[in-house]
Amino acid sequence: MARYRHVVVLTGAGISAESGLATFRDRDGLWSKVDLEEVGTPDAFRRNPDFVHDFHNGLRRKVQEVEPNAAHRALAALEQRIAGEFLLVTQNVDDLHERAGSRNLLHMHGELLKRRCQACGQVDAWRDDLGTGHVCAACGRQGSLRPHVVWFHEMPFEMERIARALAGCDLFVSIGTSGNVYPAAGFVADVRRGGRAHTVELNLEPSEGASLFAERRHGPATAIVPAYVAELLAG
Ligand code: APR
């Protein structure tokens, strides 16, 4: 472990799969059941806000019914035990990393358990269903509230902070992501350009970008993530 002084971990839907949350692109994934163009874009929300709210309301309820798994917990333990810098960047909008104890955590695609007012920008915690009838607690407008998540064609959050962490890291670990969606899918190439970091993919199967990683371990996250963390901490 002393080997690495600045660790960046990226996670995707695959780390939450064994907790019972559907991924997006697996056989029975979310995008096999609903068209992302109908629920996952700003245009979809403009066209049919009730349908988009219903989709997110279902996910928000489901997230509150499941628990973090051993992979989430292993990353929290790694963060506690690491002497150097640690940043966990997640594409996930669930709160399973928080509930497992992760602290230095960045939700680049936002958080399902928060809502944002499109009129005044106010973001607040929100665990219930959300709809066009709700009124913003800050500006009083009705119908301007949306899930605080990043849709397609929108800019992910904190990209500057992520770029700095990627440029300075000496270990980059990508967990449970298919490598289909940018900018996250490009992070491993960004790290490799820096020239000195070790890059690891921990995934059920080879991702789109698997060949870009110096090390690849494939299997269920609840098996391979705790095993990898145990090796790092013993090293
Ligand atoms: N353990 C480890 N990996 C798993 C497991 C598991 N139990 N189950 C599935 N996976 C892997 C799959 O092999 C796949 O590579 O997780 C990955 C999930 O890929 P996607 O469903 O594409 O999810 P993700 O990569 O997080 O999607 C990125 O796309 O739709 C947008 O905004 C959404 O954040 C999401 C982004």
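Because only heavy atoms are used, hydrogens play no part in the values below, and waters and symmetry mates are left out as well, while side chains stay in. Both counts, for ligands and for their atoms, begin at 1 and track the order of listing.
- Counted by atom type alone, H198 and E215 present one or more donor-acceptor pairs between their side chains at under 3.5 Å.
- A donor and an acceptor atom, one from each side chain of E67 and S19, are nowhere located under 3.5 Å apart.
- Short contacts between ligand 1 and G12, defined as distances under 4.0 Å to a heavy atom of the residue, involve ligand atoms 26 (O).
- From the protein, the heavy atom lying nearest to atom 25 (O) of ligand 1 is T177 OG1, 2.6 Å.
- Of all protein heavy atoms, the one lying nearest to atom 32 (O) of ligand 1 is H109 ND1, 3.4 Å.
- D95 pairs in a salt bridge (charged side-chain N to carboxylate O under 4.0 Å, His left out) with only one of the listed residues (R127, R60, K114), which is R127.
- Here the shortest heavy-atom pairing between A71 and I15 reads CB-CG1, 3.7 Å.
- Remark: ligand 1 atoms within the under-4.0 Å shell around heavy atoms of G219 are 1 (N), 2 (C).
- Ligand 1 has no nitrogen or oxygen under 3.5 angstrom from a nitrogen or oxygen of V150.
- In this structure, the protein non-hydrogen atom closest to atom 26 (O) of ligand 1 is A13 N, 2.8 Å.
- Within the listing of ligand 1, atoms 1 (N), 6 (C), 7 (N) sit less than 4.0 angstrom from a heavy atom of E18.
- S207 and S178 share no donor-acceptor pair across their side chains, judged by distance under 3.5 Å alone.
- The distance from ligand 1 to the heavy atoms of A221 drops below 4.0 Å at these ligand atoms: 1 (N), 2 (C), 6 (C).
- Nearest protein heavy-atom contact of atom 30 (O) of ligand 1 is W31 NE1, 2.9 Å.
- Atoms of ligand 1 found under 4.0 Å from any heavy atom of P220, numbered from 1 in the order shown, are 1 (N).
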List the steps, then state whether side-chain hydrogen bond (donor to acceptor under 3.5 Å, both in side chains) holds for T11 with H97. CA-CA 10 Å; T11 61; H97 283 305; 2.9 Å; yes
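- Connection of I175 to V7 is established within a shared hydrophobic cluster, with ILVMFWY side chains joined at heavy-atom distances below 4.5 Å, either directly or through further cluster members.
- In this structure, atom 27 (O) of ligand 1 lies nearest to the protein heavy atom R25 NH1, 3.1 Å.
- The only member of V39, D50, V52 that meets side-chain contact (heavy atoms from CB on, under 4.5 Å) when paired with F45 is V52.
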Applying side chain to side chain contact (heavy atoms under 4.5 Å, CB included), run through E79 and N104 and close with a yes or a no. CA-CA 8 Å; E79 178 180 357; N104 212 6; 3.3 Å; yes
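- Looking at V181 next to ligand 1, no N or O pair under 3.5 Å apart turns up.
- Proximity to F152 (heavy-atom distance under 4.0 Å) selects the following atoms of ligand 1: 30 (O), 31 (C).
- When N92, I224, D26, N180 are ranked by how near their heavy atoms come to atom 12 (C) of ligand 1, first place goes to D26.
- A cation-pi contact, defined as under 6.0 Å to the ring centre and within 45° of the axis, links R146 to W151.
- At the shortest separation from atom 5 (C) of ligand 1 among protein heavy atoms lies G14 O, 3.6 Å.
- Within ligand 1, counting atoms from 1 as listed, the ones closer than 4.0 Å to a heavy atom of G176 are 3 (N), 16 (O), 17 (C), 18 (C).
- The nearest heavy-atom contact from the protein to atom 35 (C) of ligand 1 is F24 CE1, 3.6 Å.
- Close approach of ligand 1 to E205 is summarised as follows: ligand atoms under 4.0 Å from at least one heavy atom of the residue are 13 (O).
- Shown here for V135 and Q142, the closest heavy-atom pair between the two residues is CG2-CB, 4.0 Å.
- Counting heavy atoms under 4.0 Å from ligand 1, residue Q91 touches it through both backbone and side chain.
- Nearest-residue assignment for atom 14 (C) of ligand 1 (options T23, V225, N203, L204; heavy-atom criterion): N203.
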Side chain to side chain contact (heavy atoms under 4.5 Å, CB included), that's the test. Do D94 and L21 meet it? Break it down for me. CA-CA 9 Å; D94 62 56; L21 294 183; 3.6 Å; yes
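- Looking at A17 against ligand 1, only its side chain comes within 4.0 Å, counting heavy atoms.
- Using a distance-only test at 3.5 Å, with no hydrogens or angles considered, a donor-acceptor pair links the side chain of E18 to the main chain of T222.
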